[in-house]
Participant: 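Here it is: the structure, laid out below.
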Amino acid sequence: MLLKLYGTRGSVPVCTKETRKHGGNTTCIFVEAKSGDIIIIDAGTGIRQLGSDLVSRGKHKLNLIFSHYHWDHLQGFPFFTPIFLKRTEITIFGPSEEITAEKALSYQMTMPYFPTDMASLPSKVTFKNLKKKLTIGSVEIDTIINNHPNHTRGFKFTEGGKSFVFMTDNEVHAQDGKTSYDEFVNFIKGADLLIHDAQYTDEIYKKRLGWGHSTYSQVAALAYDTGIKELMITHHDHSSSDKFIEKNVKTIRKKYRRKIEAAADGKTRRF
Ligand SMILES: [Zn+2]
Ligand SMILES: [Zn+2]
């Protein structure tokens, strides 16, 4: 499978010369299965560019999965060109524990917030509740409940014996968390790559307990405990410059002596 990151920023998009290298778009990742199926996770502002790329490649059968419905994970949806094209068939999966994907998107895409509403989209949109496990083409997707305010899920993608875990908006050591540290370790174990939220430093985290995000060192320790060889840090804080992100990644890389890098918009990886 092919993985491409289209949005790696947390909370709100940023556009400054200090954040250009890692990018300023909010969460969106693209997966293309060997079977040709297209799977998108989240519709942060990164989905705008993805939409243009899919249109120019003539791809019109799509799957979009939501981890949760916080603003930074769905704000790009009204600017996703394929939904305005008649030939597009899109299946949207989302958690239904608090609100369905259909309702969450409809609340965002309605007047006076946006001039077009969901019901008038010319594309064929099908909504499905996100289950614990699903299969799309040749890719199997397992999910786990993250520790985050509002119901949020992390994902493990597996195809042909290769796998990666994408877990954003997750506080690994949350007090009274929905999922224990050991459960996270077991979920991640055996994957080839972990992409995990590390929005804060340990110092900043002290003032952000319960906000649903992790620190660089917590996530590096998690990767170490799972035995995973490769870690990618994502959901960069909107106030973190490229320099700041790289300095923090360098520190944990030195301590844990494994392949750790910071996610960046546009980065690709084949499995
Ligand atoms: Zn987020
Ligand atoms: Zn969130």
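Counting starts at 1 for both ligands and their atoms, in listed order. Residue numbers count from 1 along this sequence.
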Participant: Please name the atom of His148, limited to N, O or S, that comes nearest to the Zn ion (ligand 2).
Facilitator: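 Nearest N/O/S atom: NE2.
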
Participant: For the Zn ion (ligand 1), decide whether Asp169 has an N, O or S atom at a distance under 2.8 Å.
Facilitator: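 Given the 2.8 Å cut-off, Asp169 counts as a ligand of the Zn ion (ligand 1).
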
Participant: Nearest to the Zn ion (ligand 2), which N, O or S atom of His68 do we find?
Facilitator: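 Nearest N/O/S atom: NE2.
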
Participant: With the Zn ion (ligand 1) as the point of reference, which N/O/S atom of His235 is the closest?
Facilitator: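 Per the distance ranking, His235 contributes NE2 as its closest N/O/S atom to the Zn ion (ligand 1).
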
Participant: Between Glu159 and Lys162, does at least one N-O distance fall below 4.0 Å, as a salt bridge requires?
Facilitator: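 No, Glu159 and Lys162 are not salt-bridged.
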
Participant: Taking all non-hydrogen atoms of both residues into account, name the closest pair between Gly10 and Asp72 and its distance.
Facilitator: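 Looks like C-OD2, 3.9 Å.
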
Participant: If the cut-off is 2.8 Å, does any N/O/S atom of His70 fall short of it from the Zn ion (ligand 1)?
Facilitator: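 Coordinating: no.
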
Participant: Using 2.8 Å as the threshold, say whether any N, O or S atom from His73 sits that close to the Zn ion (ligand 1).
Facilitator: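 For His73, the answer is yes, given that an N, O or S atom comes within less than 2.8 Å of the Zn ion (ligand 1).
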
Participant: Is the charged tip of Arg269 near the ring of Phe271: under 6.0 Å from the six-membered ring centre and within 45° of its axis?
Facilitator: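 Arg269 over Phe271 ring: yes.
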
Participant: In a check of side chain to side chain donor-acceptor pair (under 3.5 Å) between His73 and each of Asp42, Thr168, Thr26, which one passes?
Facilitator: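 Exactly one option meets the side chain to side chain donor-acceptor pair (under 3.5 Å) with His73, and it is Asp42.
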
Participant: Find, among atoms of Asp72 that are N, O or S, the one nearest to the Zn ion (ligand 1), and state its name.
Facilitator: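 Asp72's closest N, O or S atom to the Zn ion (ligand 1) is named OD2.
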
Participant: Only one of Arg270, Lys4, Arg57 passes salt bridge (Lys or Arg N to Asp or Glu O under 4.0 Å) with Glu32; say which it is.
Facilitator: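 Exactly one candidate clears the test, Arg57.
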
Participant: Please work out which of the three classes, parallel, tilted or perpendicular, describes the rings of Phe77 and Phe80, given edges at 30° and 60°.
Facilitator: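 Correct class here is tilted.
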
